[in-house]
Amino acid sequence: MKTVRIGAGAGFSGDRIEPAVELIDKGGLDYVVFECLAERTIALAQERRADDPQGGYDPLLAERFEAILELCRQRGTRVITNMGAANPAAAGTAVIELARRMGLPGLKVAAVMGDDVLSKLDMEAAEILEYPAHLSTLGDRVISANAYMGIDGIVEALAAGADVVLTGRVGDPALFLAPLVHEFGWARDDWDLLGQGTLIGHLLECAGQLTGGYFADPGYKDVPDLARLGFPYAEVSADGTAILAKVDGSGGAITLETCREQLLYEVLDPENYIQPDVIADFSAVELEVVGADRVRVSGARGKPKPPHLKVSVGYRDSFAGEGQISYAGSGAVERGRLAIDIIAERFKLMNLPLIETRYELIGVDAVNPREGIASTPREVRVRVVARTETLKQAQAVGNEVETLYTNGPAGGGGASKSARQVIAIVSTLIDRRLTDPHVELEIA
Amino acid sequence: MMLLRELAHSRAGDKGGISQISVIARQQSDFNVLRCNVTVERVRKHFGHIVRGAVQRYELPHLGILNFVLHDALSSGVTRSLALDPHGKCLSSVMLDLELGMPGDASEG
């Protein structure tokens with residue numbers, strides 16, 4: 001019986017490269033998928049493309065492909081990735097040039113386009129999903145609008161024989177669902193199979209998060225050999241059931257526990273996981289251990305795909321300025337609080353216009369603010385961060401914290417400061433009939 | 001007093017300003033204890049300092065999973081938030097510090 005092996009080569013844009021190499025080398029993969037595009041990444045990439053028409057794809061693209069391309073050819077593994085970001089065509093050209101340099105003639109590289117819908121949105125009519133307003137209220141601050149596309153473009157590219165498929169924004173599970181539809185010929189309205197394929201993609205898309213990454217809790221949940229954490233692959237059958245596994249000798253573990261944690265990661269309603277190709281239903285998913293680091297997954301179902309696609313709209317929101325400084329020893333918390341009081345008063349004296357502020361003691365209340373202090377820390381780090389209208393105002397925030405060296409409480413050390421523009425994302429919907437996935441194929 | 005951490009593990013994800021936090025029974029036999037103790041009301045109270053919107057709970061009993069959805073818990077989401085942990089990834093560990101009440105409170109699984 002035919003099975004298809006798909007591996008996860010990256011779970012985010014900055015992910016480690018060597019687990020992908022190990023997986024392609026030893027995993028017997030038909031496909032390796034690199035998921036590298038976070039929500040905001042494409043907006044930032046769009047800005048780079050505005051500066052450079054040949055830019056706007058993943059900055060690690062060349063490094064990743066240099067590490068895997070020859071091995072992929074030797075092992076017969078095809079590559080699917082959203083590293084095309086804001087410019088899949090330029091990413092394709094870059095991979096073609098790399099293939100020629102590496103002596104890999106004949107490599108077929110496909111760029112999948114159609115997710116950039118900025119020119120197709122009716123700003124006056126399109127509603128922002130997060131709060132009641134229309135996109136037009138963002139005015140000329142809008143940078144990008146990318147629809148979460150489905151499998152169509154990727155399947156077309158695979159059917160055309162592409163060895164490498166580069167996309168922009170697609171639903172992350174679609175990167176994995178597409179080769180399954182291509183290989184098994186699943187009908188585009190066989191919602192249960194599409195739901196099961198979506199489940200497999202969802203479990204794999206964060207790579208190490210299935211194999212014991214983002215999991216270990218010493219004494220409660222121990223994971224072996226995390227420094228050499230291996231990435232997962234799925235061995236998928238035509239009926240959609242799959243065995244999740246990792247290659248022998250790699251670090252980490254695949255257990256019922258790691259799979260259960262990843263099953264609902266970023267999923268709200270398990271019965272309605274809305275994707276471009278299907279609304280997947282994970283409520284009857286079954287997980288079964290079938291060997292060491294091998295878990296069988298089945299039972300996902302599906303409902304008809306939604307008529308609209310979600311669109312991520314990137315826009316220039318504000319600026320953020322930040323400063324930090326440390327205090328240690330007895331009285332560290334008190335001196336940290338005094339530092340915060342001084343800074344808050346300084347901002348008032350300066351009449352610095354701040355839209356939003358946070359005053360925190362890292363080690364006490366920065367990520368887990370609660371009443372009281374459980375125990376007295378031996379050191380704390382003051383963190384002051386504020387939202388401003390201008391870069392200059394944001395810079396003033398960090399500068400004031402830095403002045404605590406000579407103007408603040410005793411023993412303040414290691415001051416740091418930063419200021420950045422905040423590119424934020426809001427969502428809207430677009431009628432899928434307005435989108436037009438298309439593929440450009442080039443041969444090295 | 002027993003902490004949730006003794007009976008469950010957890011993972012946190014984000015969708016815009018929404019924090020999603022699963023609570024997973026270590027032993028399937030403890031799932032009913034979790035279902036009775038880790039209620040929407042108690043989770044809302046536990047995260048009172050963080051969550052501003054509605055709290056929802058979904059259940060996958062056969063896998064021993066409760067899934068909590070905390071609306072308006074991450075400022076306006078990772079792309080805009082000024083928080084040190086804008087994804088709220090640390091919130092799974094905060095969840096596991098929830099107190100399960102006195103021994104004997106919970107119904108036997």
Side-chain angles (χ1 to χ4, degrees), chain A residues 38-40 43 129-131 206 209 214-215 217 220-221 256-271 282-287 299 312 314-315 317-318 320-322 324 355-358 360 362 365-371 374 383 385-387 422-427, chain B residues 3 5-28 46-50 56-72 75-97:
Chain A
E39 204 180 13
R40 177 170 49 187
L129 298 184
E130 286 81 3
Y131 53 89
C206 293
Q209 282 193 193
Y214 196 38
F215 181 85
D217 193 359
Y220 286 78
K221 294 184 295 173
L256 290 179
E257 287 76 19
T258 67
C259 293
R260 282 178 187 152
E261 278 200 20
Q262 192 58 19
L263 176 64
L264 296 187
Y265 178 70
E266 293 183 344
V267 173
L268 306 183
D269 176 357
E271 289 184 27
F282 295 165
S283 62
V285 165
E286 297 287 345
L287 300 167
S312 277
Y315 70 99
D317 180 273
S318 54
E322 177 170 342
Q324 296 186 9
I355 301 165
E356 179 189 346
T357 52
R358 291 175 78 109
E360 299 166 339
I362 296 174
D365 60 9
V367 297
N368 185 16
R370 310 187 85 80
E371 298 282 314
R383 177 175 187 260
V385 56
R387 189 185 310 286
V422 176
I423 306 292
I425 296 285
V426 290
S427 307
Chain B
L3 295 182
R5 187 183 188 206
E6 301 301 324
L7 297 186
H9 55 115
S10 177
R11 177 164 293 189
D14 67 295
K15 278 271 184 248
I18 298 171
S19 174
Q20 166 270 325
I21 310 175
S22 59
V23 171
I24 307 165
R26 293 169 179 280
Q27 305 291 332
Q28 183 67 33
H46 185 64
F47 283 95
H49 54 299
I50 291 173
Q56 294 166 291
R57 185 176 90 168
Y58 297 95
E59 301 180 20
L60 294 186
H62 70 291
L63 296 175
I65 305 176
L66 299 173
N67 196 39
F68 288 90
V69 176
L70 281 55
H71 292 264
D72 202 2
S75 304
S76 26
V78 62
T79 63
R80 191 170 184 274
S81 168
L82 299 180
L84 187 60
D85 170 24
H87 299 89
K89 288 184 184 274
C90 298
L91 296 182
S92 57
S93 307
V94 176
M95 174 70 92
L96 294 180
D97 272 347

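Chain A is the first sequence line, chain B the second, and so forth, proteins listed ahead of strands; every chain is numbered from 1.
- Summarising the geometry, atom NZ belonging to A:Lys221 is positioned 7.5 Å from atom OG belonging to B:Ser10; distances are rounded to the nearest 0.5 Å.
- Only the backbone of A:Val267 comes within contact range of chain B, with heavy atoms under 4.5 Å apart.
- Contact detail for B:Arg11 and A:Gln209: the closest heavy-atom pair is NH1-O, 2.9 Å.
- Highest contact tally toward chain B, considering only A:Ile423, A:Val285, A:Val426, is held by A:Val285 [criterion: heavy-atom pairs under 4.5 Å].
- Taking CZ of B:Phe68 as the reference point, atom CG of A:Leu268 lies at 14.0 Å (rounded to 0.5 Å).
- The stretch residues 83-95 of chain B participates, sequence neighbours left out, in no salt bridge (charged side-chain N to carboxylate O under 4.0 Å, His left out) pair at all.
- Judged as a side-chain hydrogen bond (donor to acceptor under 3.5 Å, both in side chains), and not counting sequence neighbours, the contacts of A:Asp217 are B:Arg5.
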Kindly determine whether A:Tyr265 and B:Gln20 satisfy side chain to side chain donor-acceptor pair (under 3.5 Å), including the steps that lead there. CA-CA 7 Å; A:Tyr265 178 70; B:Gln20 166 270 325; over 6 Å; no

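- Around CD of B:Gln27, the count of heavy atoms belonging to other residues, nucleotides or ligands within 6.0 Å does not exceed 12.
- Of the two parts of A:Leu263, only the side chain, counted from C-beta on, holds a non-hydrogen atom closer than 4.5 Å to a non-hydrogen atom of chain B.
- Interface summary for chain A: among B:Lys15, B:His62, B:Glu59, the most heavy-atom pairs under 4.5 angstrom belong to B:His62.
- Rounded to the nearest 0.5 Å, atoms CD (A:Glu39) and OG1 (B:Thr79) are 6.0 Å apart.
- Note: B:Ala83 leads B:Pro61, B:Cys90, B:Ala83 in heavy-atom pairs under 4.5 Å with chain A.
- Looking at A:Glu271 and B:Tyr58, their side chains never come closer than 4.5 Å, going by heavy atoms from C-beta outward.
- Interface residue A:Arg358: only side-chain heavy atoms are found under 4.5 Å from chain B.
- With a 4.5 angstrom heavy-atom cutoff, A:Tyr131 does not touch chain B via any of its atoms.
- Neither the backbone nor the side chain of B:Ile21 has a heavy atom closer than 4.5 Å to any heavy atom of chain A.
- Counting heavy-atom pairs closer than 4.5 Å to chain A, the top residue among B:Ile24, B:Asn67, B:Ile50 is B:Asn67.
- Of the two parts of A:Ala38, neither the backbone nor the side chain holds a non-hydrogen atom closer than 4.5 Å to a non-hydrogen atom of chain B.
- B:Ile65 touches chain A through its side chain: at least one heavy atom from C-beta onward sits under 4.5 Å away, while N, CA, C and O do not.
- Between B:Leu60 and A:Ser283, the shortest heavy-atom contact is CD2-CA, 3.5 Å.
- Between atom CG of residue B:Leu84 and atom CG of residue A:Asp365 there is a gap of 10.5 Å, rounded to the nearest 0.5 Å.
- Using a 4.5 Å cut-off between heavy atoms, B:Leu63 touches chain A through backbone and side chain atoms alike.
- For chain B, the option among A:Ala366, A:Pro369, A:Ala386, A:Ala43 with the highest count of heavy-atom pairs below 4.5 Å is A:Pro369.
- Heavy-atom pairs under 4.5 Å with chain B peak, among A:Glu286, A:Glu356, A:Glu360, A:Glu130, at A:Glu356.
- Heavy-atom pairs under 4.5 Å with chain B were tallied for A:Leu256, A:Thr357, A:Asp317; the largest tally goes to A:Asp317.
- For B:Ser19, no part lies under 4.5 angstrom from a heavy atom of chain A.
- Both the backbone and the side chain of A:Arg260 come within contact range of chain B, each with at least one heavy atom under 4.5 Å from a heavy atom of that chain.
- Remark: B:Gln56 CD to A:Asp269 CG distance equals 8.0 Å, nearest 0.5 Å.
- The distance from atom CZ of A:Arg387 to atom CZ of B:Arg80, rounded to the nearest 0.5 Å, is 4.0 Å.
- Heavy-atom distances place no part of B:His87 under 4.5 Å from chain A, backbone and side chain included.
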